[in-house]
Peer 1: 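Pasting a structure here, questions to come.
Remember, predicted model here, so these are calculated numbers, not experimental data. In what follows, chains are A, B, ... by sequence order, proteins preceding strands, each numbered from 1.
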Amino acid sequence: MTTSGSRSILICSGKGGVGKTTLTANLGIALARQGMRTAVLDADFGLRNLDLLLGLENRIVYTAQEVLAESCRLDQALVKHKQEPNLALLPAGNPRMLEWLKPEDMERIVALLRESFDIVLIDCPAGIEDGFKNAAAAAEEAIVITTPEVSAVRDADRVIGLLNTRGIKPIQLVLNRVRPKMMANQEMLAVDDVTDILALPLLGLVLEDEQVIVSTNRGEPLTLNGSQSPAAQAYSNIARRICGEEVPLIDPAKVRRGLRAKLGQLMQTKIF
Amino acid sequence: MTLRDFVNKLLGRQPASATTARERLQLVLAHDRSDLNPELLEQMRREILEVVSRYVEIDLEEGDVSLETEDRVTALVANLPIKRARPVVKPDAAAAAEVAADEADEPVWTASQA
Ligand SMILES: Nc1ncnc2c1ncn2[C@@H]1O[C@H](COP(=O)(O)OP(=O)(O)O)[C@@H](O)[C@H]1O
Ligand SMILES: [Mg+2]
């Protein structure tokens, strides 16, 4: 199902509320800013939110539903971002779509999008049921996002198992809401713990960052206005890595300075 | 074990919560990945011990059958210290225990599942 060089990437997590939609919105903008023609597809038909995070909720006329029903053309349903014209959103239709939507429908939509975009990001719903299966049907690659918490990591593991059986690859990991201080005190799973357990390459680390909330309030993703906040930088770096650039990962231990930080680092030394 | 865990241990404190989290996750994921619940695992353990003890006398106290996981590969690991081989194998048991027979003198064996 390759459309010459165009990529389709599923953004999924298993658990809800770990940051899929926020990542999709920020990557969408960041990739567009790098000159990639980018489409973001809201595949979370039950609880759609991507429109809101991108600040496009008032400009929706048609949705994926009308495109599938052939009552409108794809370009009529796509909502182009005003400041970042390389980015377009294909909004989720009515939640009742879930009653009849099939994996083949998603494949059709994504194949259509890939004809005119370099990269298609699919914002996956939580869970591992039909919504996930529909969204996954159309993806060639996946980004699994998780937080350093036992429940999120466990759910991510389930999802990775399902992605593996579908032959989706590469599957890469984004670790979200990292708190360097808690990690230093070993009150939060270490980055290596999570990557070892899930056995995935790390695509990026996003720190816990209040600016994420501020930006969602405004409907302006952090990557839109060149914010220098830690999460903004993390999202931009992830976008660059997706495009094949080598950008070093931040080391959460180096984010903090001073004696306490040094001591914390020392205490994390593995002795046996 | 990290230096912090070691210090905690010396002071009689609980290990850091991240260490506990990692250990709990590794265990729960081994079960999730193999789709074996603890009850089934216990039943399997009993049956394995039963088959093996037809051939060799094993130390039931020391014996251990568990799931271990590394790099997304879960392995069933049986560690069964042998006290001594049994002189004769009961004929009715031979067929059922064909697999085990190959490795009867081998105290540890592993069956991997991706
Ligand atoms: N790095 C972060 N720092 C702080 N808050 C975050 C971060 N990432 C996500 N959030 C918050 O977490 C919540 C869930 O995010 P969302 O992207 O909607 O998750 P999902 O789509 O996986 O359900 C939102 O309130 C969002 O603002
Ligand atoms: Mg979401």
Peer 1: Could you tell me which of A/Arg154, A/Met188, A/Gln268, A/Met182 has the largest number of non-hydrogen atom pairs under 4.5 Å with chain B?
Peer 2: A/Arg154
Peer 1: Search all heavy atoms of B/Ala18 against all heavy atoms of A/Asp193 and return the closest pair with its distance.
Peer 2: O-OD2, 4.5 Å
Peer 1: When rounded to the nearest 0.5 angstrom, what distance separates CZ in B/Arg22 from CG in A/Asp192?
Peer 2: 10.0 Å
Peer 1: Knowing that exactly one of A/Leu189, A/Val194, A/Asp157 qualifies, which makes a side chain to side chain contact (heavy atoms under 4.5 Å, CB included) with B/Leu25?
Peer 2: A/Leu189
Peer 1: For the CG atom on A/Leu47, are there more than 12 heavy atoms of other groups (residues, nucleotides or ligands in this structure) within a distance under 6.0 Å?
Peer 2: no
Peer 1: Before giving the answer on side-chain hydrogen bond (donor to acceptor under 3.5 Å, both in side chains), spell out for A/Gln186 and B/Thr2 the whole-Å C-alpha distance, their side-chain angles and the decisive distance to 0.1 Å.
Peer 2: CA-CA 9 Å; A/Gln186 291 172 52; B/Thr2 62; 2.9 Å; yes
Peer 1: Distance check, rounded to the nearest 0.5 Å: A/Leu266 atom CG versus B/Arg4 atom CZ?
Peer 2: 9.5 Å
Peer 1: If I measure from the heavy atoms of chain B, does A/Glu187 come under 4.5 Å with its side chain, its backbone, both, or neither?
Peer 2: both
Peer 1: Report the distance from atom CD1 of A/Ile271 to atom CE of B/Met1, rounding to the nearest 0.5 Å.
Peer 2: 6.5 Å
Peer 1: Tell me if the CZ atom of A/Arg166 is crowded by more than 12 foreign heavy atoms within 6.0 Å.
Peer 2: yes
